[in-house]
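Here, residue 1 is the first one in the sequence, and each next residue gets the next number.
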Amino acid sequence: MSKSQKYQIYILLVLVMMSWGLNVIALKIIVDVFPPITITALRVFTAAICVFIILYFIKQIRLPTKKEFVYILIATFFNVVCHHYFLSIGLSKTSASNGGLILGLAPLLTTIIAFFFLGNRISLLQFSGIILGLTGVSFIVVVGNGGISNISIGDIYVFLSILTQSFSFVMIKKISKTLDPRLMTGYMLLIGSFILFIIGLFKEPQGLGTLTDGSPGVWLVFLGSAIIGTAFGHTIYNDSIGKVGVSEAAIFINLNPFFALISAVIFLGEVIIFSQIIGFLLILFGVLLGSGAVDEYIRQTKQKKKIPYSSV
């Protein structure tokens, strides 16, 4: 892959992170109006339809093999069902700024999971970054809520949502050599939306009846979230995983909490507190170290000087 192609992917990833940061705000608005699981199922289904429309025009639709279908089901469970279930419930019980900051842990969690399932090595700098990132979350979740006894259940749900999604990124990478990640995204969203809908029927039996409560403005936010944040966002991001790798794509997620935090202040009028600022800075530096970005910079610098580099 040429440098120009990589730079194009990087630009797209920055735009995706901007859309995901705004999507946290959109989801907060949506789940405050509608039952979270029911509206999430509808949102994910809408996104799936959009993805398959795109795949139809670029002629990338085909049936998966048995092996590919197994990976699709595993990734669907973690990336769509668990991630969107926990995220929708979590954002209905915590602030958008808290949720956005916790979502910034994705690169660190992805690095840890890739270590266990892909055999990726973790350097001393990466380990230090993981510690910093987890410390940052403790500032947001524990200190920001006034102690362990006052921890918001919403924050815990958001953390579980990003943990499950990080595991799915590894599954996407493992099968990306034979299955186009964009097609995999379409199948994941479609299958996941039906599973979420069934869960919603049991957890929110009156959910469908409340869909008439939303104003035209809320439904516009819904469409923006489904089409831009979920359909295009997940399609581009999963495709980037297949091209540049799990860890490299995950580095850009550190922009997600920044955009989410700023958007929460501008659009929802939320107030940023000191513990959130400290948590954000710790997560930011933790991600830069833990995702391997600093290691890669050191490695490239030493290669230019023809000095051998070795991981810890």
Side-chain angles (χ1 to χ4, degrees), residues 8-10 12-20 22-24 26-27 40-88 103 106-107 110 113-114 161-162 164-197 222-250 252-253 256:
Q8 288 175 3
I9 293 174
Y10 293 161
L12 287 174
L13 283 171
V14 171
L15 294 175
V16 168
M17 292 310 117
M18 186 182 297
S19 73
W20 281 3
L22 289 169
N23 198 38
V24 174
L27 294 178
T40 297
L42 182 59
R43 179 176 60 83
V44 173
F45 178 75
T46 304
I49 298 301
C50 292
V51 172
F52 274 106
I53 290 173
I54 296 171
L55 292 171
Y56 173 78
F57 282 106
I58 63 175
K59 298 180 180 180
Q60 289 293 329
I61 298 179
R62 68 169 175 84
L63 291 175
T65 64
K66 290 182 179 180
K67 179 183 177 181
E68 291 170 344
F69 189 68
V70 171
Y71 276 94
I72 288 173
L73 288 179
I74 295 173
T76 296
F77 176 74
F78 289 102
N79 187 288
V80 180
V81 179
C82 292
H83 171 66
H84 287 284
Y85 174 84
F86 288 130
L87 183 59
S88 62
L103 288 173
T110 302
I113 293 169
S161 78
I162 201 61
T164 54
Q165 188 185 48
S166 297
F167 181 79
S168 74
F169 291 154
V170 176
M171 294 296 103
I172 292 169
K173 178 59 180 176
K174 286 178 73 71
I175 200 63
S176 62
K177 291 181 180 179
T178 63
L179 180 64
D180 190 315
R182 295 169 296 182
L183 180 59
M184 186 176 186
T185 301
Y187 280 122
M188 285 162 49
L189 292 173
L190 185 62
I191 297 170
S193 67
F194 282 106
I195 298 175
L196 285 169
F197 179 73
F222 168 88
L223 288 175
S225 172
I227 297 172
I228 300 174
T230 305
F232 285 97
H234 282 274
T235 299
I236 294 171
Y237 186 80
N238 292 343
D239 185 51
S240 299
I241 289 176
K243 291 178 178 177
V244 300
V246 177
S247 297
E248 194 166 344
F252 288 85
I253 296 183
N256 191 348

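- Separation of atoms OG (S168) and CE (M188) is listed at 5.5 Å; rounding is to 0.5 Å.
- Applying the 6.0 Å contact sphere to CD1 of I228 captures no more than 12 heavy atoms from other residues, nucleotides or ligands.
- With values rounded to the nearest 0.5 angstrom, K67 atom NZ is found 12.5 Å from I72 atom CD1.
- Side-chain contact check for F232 versus V16: every heavy-atom pair is 4.5 Å or farther apart.
- No side-chain heavy atom of T40 sits less than 4.5 Å from a side-chain heavy atom of L87.
- Using a 4.5 Å heavy-atom threshold, the side chains of I74 and F78 count as touching.
- For the pair L183 and L179, the tightest heavy-atom approach, listed with the atom from each and the gap, is CD2-CD1, 3.8 Å.
- Taking both residues in full, the closest heavy atoms of G186 and A48 are given as O-CB, 4.2 Å, listed atom of the first, atom of the second, then distance.
- A distance of 9.0 Å separates CZ of F222 from CD1 of I227, quoted to the nearest 0.5 Å.
- Here L13 contributes atom CG and S240 contributes atom OG; the two are 4.0 Å apart, rounded to the nearest 0.5 Å.
- When the side-chain hydrogen bond (donor to acceptor under 3.5 Å, both in side chains) test is applied to S225, the partners found at least two apart in sequence or on another chain are N23.
- Nearest heavy-atom pair across A231 and C50 is CB-CB, 3.8 Å.
- Taking the six-membered ring where the residue is Trp, F194 and F45 present perpendicular rings, their angle passing 60° and hence far from 30°.
- Looking at M184 and N238, their side chains never come closer than 4.5 Å, going by heavy atoms from C-beta outward.
- Among residues at least two apart or in separate chains, ring pair (Phe, Tyr, Trp, His ring centres under 6.0 Å) pairs with a member in residues 48-69 are F52-Y187.
- One distance of note links OG1 of T164 with OH of Y85; it measures 12.0 Å at 0.5 Å rounding.
- Few gaps surround CD1 on I58; more than 12 heavy atoms of other groups in view lie less than 6.0 Å from it.
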Subject >> T230 vs L189, side-chain contact (heavy atoms from CB on, under 4.5 Å): CA-CA, chis, key distance, verdict >> reply: CA-CA 9 Å; T230 305; L189 292 173; 3.9 Å; yes
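- Ring pair H234/H84 is tilted by interplanar angle, where 30° to 60° counts as tilted.
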Original post:
Can you check side-chain contact (heavy atoms from CB on, under 4.5 Å) on D239 and D180, steps first, answer last?
Top reply: CA-CA 7 Å; D239 185 51; D180 190 315; 4.2 Å; yes
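- Here the side chains of V51 and R182 are not in contact, with every heavy-atom distance at 4.5 Å or above.
- Side-chain contact between V80 and I191 is absent, with no heavy-atom pair separated by less than 4.5 Å.
- Nearest approach of Q165 to I162, heavy atoms of both residues: OE1-CD1, 3.3 Å.
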